[in-house]
Amino acid sequence: KNMTNQEILSRFHGKERDAVSEILNKVSNSSVGNINDDVLKFIKYKDEYNESIDSSHIESLSKAVSKIESKGYWDKVAFFAPAIGNNLSAALMTVKNPNGQKMEATNMSDSDYVKRNGFVVKGANTDKFISTGFVPSDNSLTAEDIGFGAFIPEYTSRNPLSSGSLISDNPASGDVRLFVLSSKSTGTGAIGIGTDSANLPSGKGLYMYNNNGDRQIYINGVAIRSESSVSNTAPVDTEITFFKSTRNGNVYYQDGSIGGFILTSGLTQDEAEHLSTTLIEFYIEIGRISSSYRTVFFGDSISSGQGSTDILSKFSSLVSVGIGSEEINYSCPSSELRRDINLAVSGYTKYPDAIKLPVNNFVIVYGTNDMNNNDGDANGNATAIADYKSKLTEIVQAVKSQGVRVVLCSAPYNQTSNATKRGAYGTAVSEVATSENVVFVDLNTLMSDEVDPTALMADANHPNNDGHKFIADAIINAIK
């Protein structure tokens, strides 16, 4: 920290000196101070072994680490794999790792790495995985003070296994302790230690979990949850791996995408929030996430993509592509707007977390489960509909208060409720849209008016690929 640039350069020779000189000049010009020792080791290793990494990405990395160091908690970072480079070998390099400068990939090749995203494994049961070499308990990380974060370029795995994890430890017996999960069937995932976990939306983003007596969850640099009652104190005492997890004596391989991973110990809440913000800025700088235009999709299993045959065919993905937006899918399958049911958290319960995300658009598609599961009247219960309308109004007002555009949709056509009941719920949504002056898309009427609306359905309640495209086109036309 106290060395001049010339003193730093005196440590290097030849092409190493040229590379360090280039970075020093850029870092000096960006007013972030001298290069951190761990970043210098990273650069030296890169040049010694001819690893291919863009100098602009190293500059962004150095700037991020300097920001962390300037706040005084870089020493609390125990492991950091930014997953940057022009090929798999370079991306396996780590900035901080007590067990060496690189992770180890098994059965993987350059085709399993995409510069814009990170590590990408396609297809179930591929036996492809990455060993970090890092055991948290061996490095003084405890369940009470551990923190970790993962950048997920595409959160939902293509072929998820019910027991697989994108990132986890590998105990010889019992269940995993540390994990990042994903699921295509639900469009959501989870992050946590043992049973102290939190559900996550799907979509590209940086997800962080921090324990310091309380538990904090961060999404894309925003603190969305802080809870006490951390109950899991058993150590995480086996190696952390990517795309592989060992649960109850069984090994599972998971496909999906991982664009970076970090482990910390004893961060305060302010430090964890600063780290989350700094890392998301880093991934924005290197082009892994957009800083300009994002859309939240808020709803039930229809919004999470159920009924579509693949990720790219769900309406939220089609809308995001159509309007040039980054998708944040904050949907919960089987959920209602009005009330929690078993593990299906209601829209009303979870909206305070969802509105904290920095976005431009907030698309709400709720009501199918409210009318089908929570309203026993054939044509719609007036009291239930009034409560639905009241809670929907509260959510819309809360989103608007954040300066975010709301796109409010009636629940799509379904075959479980009759036309009168669907219309009653659709009218309630329309009245909220009118009173709050927000965009309204009457999906129920648009789909019902088709010659054969059942042709748009995968089953009685969920649209097929054609139905998802129909919904996407309607929303895109309303937004544009």
Side-chain angles (χ1 to χ4, degrees), residues 149-156 180 182 186-192 197-210 215-227 259-260 269 272-284 288-300 303-305 314-317 319-321 323-333 335 337 345-366 391-392 394-409 438-439 475 479:
F151 181 79
I152 308 300
E154 183 182 271
Y155 195 81
T156 306
V180 178
S182 66
T186 65
T188 57
I191 186 170
S197 64
N199 292 331
L200 298 174
S202 66
K204 184 181 297 186
L206 177 76
Y207 303 93
M208 287 197 63
Y209 174 104
N210 185 60
R215 174 182 63 186
Q216 297 94 39
I217 307 296
Y218 304 86
I219 299 178
N220 291 342
V222 177
I224 67 161
R225 195 171 304 168
S226 181
E227 300 172 357
Q269 187 166 348
E273 187 160 3
H274 180 266
L275 176 61
S276 181
T277 301
T278 299
L279 290 179
I280 201 63
E281 290 172 351
F282 165 66
Y283 284 114
I284 288 172
R288 286 196 175 161
I289 192 168
S290 168
S291 62
S292 56
Y293 202 56
R294 299 174 184 165
T295 299
V296 161
F297 294 86
F298 190 70
D300 49 34
S303 295
S304 71
K314 62 181 183 178
F315 83 80
S316 56
S317 296
V319 170
S320 298
V321 171
I323 65 174
S325 172
E326 196 150 294
E327 173 186 351
I328 300 178
N329 200 307
Y330 214 80
S331 301
C332 180
S335 67
L337 179 82
V345 179
S346 71
Y348 187 72
T349 297
K350 69 181 181 179
Y351 88 81
D353 286 345
I355 65 172
K356 295 178 183 178
L357 302 171
V359 299
N360 304 86
N361 306 303
F362 201 99
V363 179
I364 303 174
V365 188
Y366 252 118
K391 289 177 176 175
L392 184 61
E394 181 179 330
I395 293 170
V396 170
Q397 290 174 345
V399 177
K400 287 174 58 182
S401 72
Q402 304 298 310
V404 175
R405 176 168 60 172
V406 177
V407 180
L408 191 55
C409 304
V438 299
V439 176
I475 294 173
I479 291 177

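On a predicted model such as this, the values are computed, not experimentally measured, just so you know.
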Exercise. Using side chain to side chain donor-acceptor pair (under 3.5 Å) as the criterion, list what pairs up with S316, not counting sequence neighbours.
Key: E327, N329

Exercise. Measure the spacing between OH of Y207 and CD1 of I217 and express it to the nearest 0.5 Å.
Key: 12.0 Å

Quiz prompt | Whether K350 side chain and F298 backbone form a donor-acceptor pair below 3.5 Å | solution = no

Practice problem: Locate the shortest heavy-atom distance separating Y218 from N210; write the atom from each residue and the value. | Solution: CE1-CB, 4.4 Å

Quiz prompt | Residues in side chain to side chain donor-acceptor pair (under 3.5 Å) contact with E394, at least two apart in sequence or another chain | solution = Y348, Y351

Quiz item: Looking at residues at least two apart in the chain, or sitting in another chain, which of them share a ring-ring contact (aromatic ring centres under 6.0 Å, His included) with F282?
Solution: none

Self-check item: Nearest-0.5 Å distance that lies between atom CG in D300 and atom SG in C332
Solution: 9.0 Å

Quiz prompt | V407 and I479, any side-chain heavy atoms less than 4.5 Å apart | solution = yes

Quiz item: For T295, what residues pass the side chain to side chain donor-acceptor pair (under 3.5 Å) criterion, not counting sequence neighbours?
Solution: S325, N361

Quiz item: E281: what forms a salt bridge (Lys or Arg N to Asp or Glu O under 4.0 Å) with it, not counting sequence neighbours?
Solution: K67

Quiz prompt | With K391 via salt bridge (Lys or Arg N to Asp or Glu O under 4.0 Å) - residues at least two apart | solution = D387

Exercise. List the atom of F297, the atom of S320, and the distance in Å for their closest heavy-atom pair.
Key: CE1-OG, 3.5 Å

Quiz item: What residue among I364, V439, V399 forms side-chain contact (heavy atoms from CB on, under 4.5 Å) with L408?
Solution: I364

Exercise. Would you sort out whether S303 and F315 count as a side chain to side chain contact (heavy atoms under 4.5 Å, CB included), showing the intermediate values?
Key: CA-CA 7 Å; S303 295; F315 83 80; 3.7 Å; yes

Self-check item: Derivation of the side chain to side chain contact (heavy atoms under 4.5 Å, CB included) call for Y209 and V180
Solution: CA-CA 10 Å; Y209 174 104; V180 178; over 6 Å; no

Exercise. Kindly determine whether L337 and I395 satisfy side chain to side chain contact (heavy atoms under 4.5 Å, CB included), including the steps that lead there.
Key: CA-CA 10 Å; L337 179 82; I395 293 170; 3.5 Å; yes

Practice problem: Return yes if some donor-acceptor pair links the side-chain N/O of N360 with the main-chain N/O of R294 below 3.5 Å, else return no. | Solution: yes

Quiz item: Do the side-chain N and O atoms of Y366 and S335 include a donor-acceptor pair separated by under 3.5 angstrom?
Solution: yes

Quiz prompt | Donor-acceptor contact present, side-chain S276 to main-chain E273, <3.5 Å | solution = no

